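Whatever order the structure lists them in is the order used to number ligands and atoms, beginning at 1. This one's a predicted model, so the numbers in the text were calculated from it and none came from an experiment.
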Amino acid sequence: MTTFKDLGLIPELLQAIADLGYTEPTPIQAQAIPLVLAGRDVMGGAQTGTGKTASFTLPLLQRLAPYANTSTSPARHPVRALILAPTRELAAQVEESVRQYGKYLPLRSACIYGGVPMDPQIAQLRAGVEVLVATPGRLLDHVQQRTLNLSQVEVVVLDEADRMLDMGFIPDVRRILGLLTARKQSLLFSATFSDEIKKLADSFLKDPVLVEVARNRTAESVTHLVHPVAREKKRELLVHLIKSRDMRQVLVFCSTRLGTNRLAYQLNREGVQAQAIHGDKSQSERTQALEEFKSGKVRVLVATDVAARGLDIAELPYVVNFDLPNSPEDYVHRIGRTGRAGAKGTAISLVSPDEHERLEAIEKTIKQRIRREIVPGFGPQAAEATPLLEPRRDRRRDAEVGRLTRGDEGAGAPNPSQVPDDPIFYMPYEPGMYTPPQQQPPPKPKPEPPRKPQKQIPVLLGGPVRKTG
Ligand code: AMP
């Protein structure tokens, strides 16, 4: 069995690893660490959950260790390593790893991303940092404002390059790479390798070594399951599964921001504490939602692919695909949230008949046929489905929501012009809106039509409003 010591790591790093309780390197770590230590360019094929962050962070810190110093002079702490990540969550998580693994080395790190004020970041950069983790857009903002000097960056890491591509960051990434005149070593990590990623890799990696961990890592630690279901029954089925299987800590994926908001709202109405996270939410809202989810205060986190990127939740037991993703690669990313670092996990997909093509593409990618299991009462044909839930108080509203649900979920982003008038859709987001009912009941979406309109007639006619006490 290979140990971290066998990989040639220095005592400061071995101690930090021991503090974290890691006993042995994961496969990607065992492969990548010696190569990065030897100064090679590496193209790493690994998804989140495989231990990929440590596979580049540990050797990178070791390569910078000779520069470690406690001087207070900013000039003694130039940026020497740059890690680019697609989202602020991932960037923050990677920087947290840098801090943890590097805690016995006097090296400084910082994390910079958009959506927050620049000034605190400028102060940090001015004071000097050796390891900078950043999202591409904000990094370029700093470069443009001359608050960041990249002329001494020796090592660059592109983390989750496929996601950078999906998010349209590749032109920014190329511009950044062009600024790194002192670059000696480059690493690229990606869960999938499309032609475009390969092209990017070819353009900046020098004689790279490809290290890959079996994508089917999931085969051992994740159970995949498909519940065929009529589209309009998905929400009921989800509630049924969560309640009947006593599922806790469920990460649910929806394709659209509107879909996440609405589903979280509906789950709360059904007594299942849920929070939505997506790109429209502020960083502090996302962090709070994640904290509440991690602490168990919130049972379900409903997320879009983008928002869930980089979430590190140890041993998340369930991932549910409320909608199947457009690309099979996103499925791979989504299920990377469960069964992490050897823990067991279940990935459940609620698949309606119109999603079968997507399911086939996913099965082709993961080279696995996923078991289908119809939950009694929730078959793929709407007609055969019988409600198992207790009758709800507001059937009229639910019918309306059901109608809307059929309209767009799962079919990618809805065309706004086709989305019917739904108060839940158009309700402006307010912090706390989707917190569980016992903490703060979700506000009523719209005042219900008055039950006794005749009482208001005098007002409508301009008559006096009588105070009743
Ligand atoms: P990553 O794939 O980098 O997102 O890491 C997934 C999770 O595995 C993180 O929570 C790490 O803390 C954890 N981890 C990384 N390496 C190891 C290891 N060698 N042993 C146990 N857990 C690890």
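Considering backbone and side-chain atoms alike, Thr23 places every N or O at 3.5 Å or more from each N or O of ligand 1. Checking only distances, Tyr101 never comes within under 3.5 Å of ligand 1, N or O to N or O.
Of all atoms in ligand 1, numbered sequentially from 1 with element shown, those under 4.0 Å from a heavy atom of Lys52 are 1 (P), 2 (O), 3 (O). Every atom of ligand 1 with a heavy atom of Thr53 under 4.0 Å away is listed here by number and element: 1 (P), 3 (O), 4 (O). Against a heavy-atom cut-off of under 4.0 Å, Glu24 is close to the following atoms of ligand 1: 18 (C), 19 (N), 20 (N). Near Thr26, meaning under 4.0 Å from any of its heavy atoms, are these atoms of ligand 1: 17 (C), 18 (C), 19 (N). Ligand-side atoms of ligand 1 in range of Thr50: 2 (O), range being under 4.0 angstrom from any heavy atom.
In this structure, Tyr67 OH and Gln152 CD are separated by 8.5 Å, a value rounded to the nearest 0.5 Å. Distance check, rounded to the nearest 0.5 Å: OG1 of Thr87 to CG of Asp305 gives 12.0 Å.
With ring centers used as reference points, Phe378 lies under 6.0 Å from His240.
By the criterion of a heavy-atom distance under 4.0 Å, the side chain of Gln29, and not its backbone, is placed next to ligand 1. Heavy atoms of Phe4 found under 4.0 angstrom from ligand 1 belong exclusively to the side chain.
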- Message: Checking Glu270 against Gln266 for the side chain to side chain donor-acceptor pair (under 3.5 Å) test, could you report, in this order, the C-alpha distance in whole Å, the side-chain angles of both residues, the deciding distance, and whether it holds?
- Response: CA-CA 6 Å; Glu270 301 278 3; Gln266 291 165 338; over 6 Å; no

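Applying the ring pair (Phe, Tyr, Trp, His ring centres under 6.0 Å) criterion to Phe56, with sequence neighbours excluded, gives Phe189.
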Side-chain donor-acceptor contacts of residues 104-119 below 3.5 Å, not counting sequence neighbours, with atom names and distances?
from, atom 1, to, atom 2, distance (Å)
Tyr104, OH, Asp19, OD2, 2.4
Arg108, NH1, Ala127, O, 2.6
Arg108, NH1, Gly128, O, 3.2
Arg108, NH2, Ser71, O, 3.2
Arg108, NH2, His77, NE2, 3.4
Ser109, OG, Glu95, OE2, 2.8

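A 4.5 Å side-chain heavy-atom check between Tyr318 and Gln249 finds every atom pair outside the cut-off.
Scanning Phe189, Phe56, Tyr22 for the heavy atom closest to atom 17 (C) of ligand 1 points to Tyr22.
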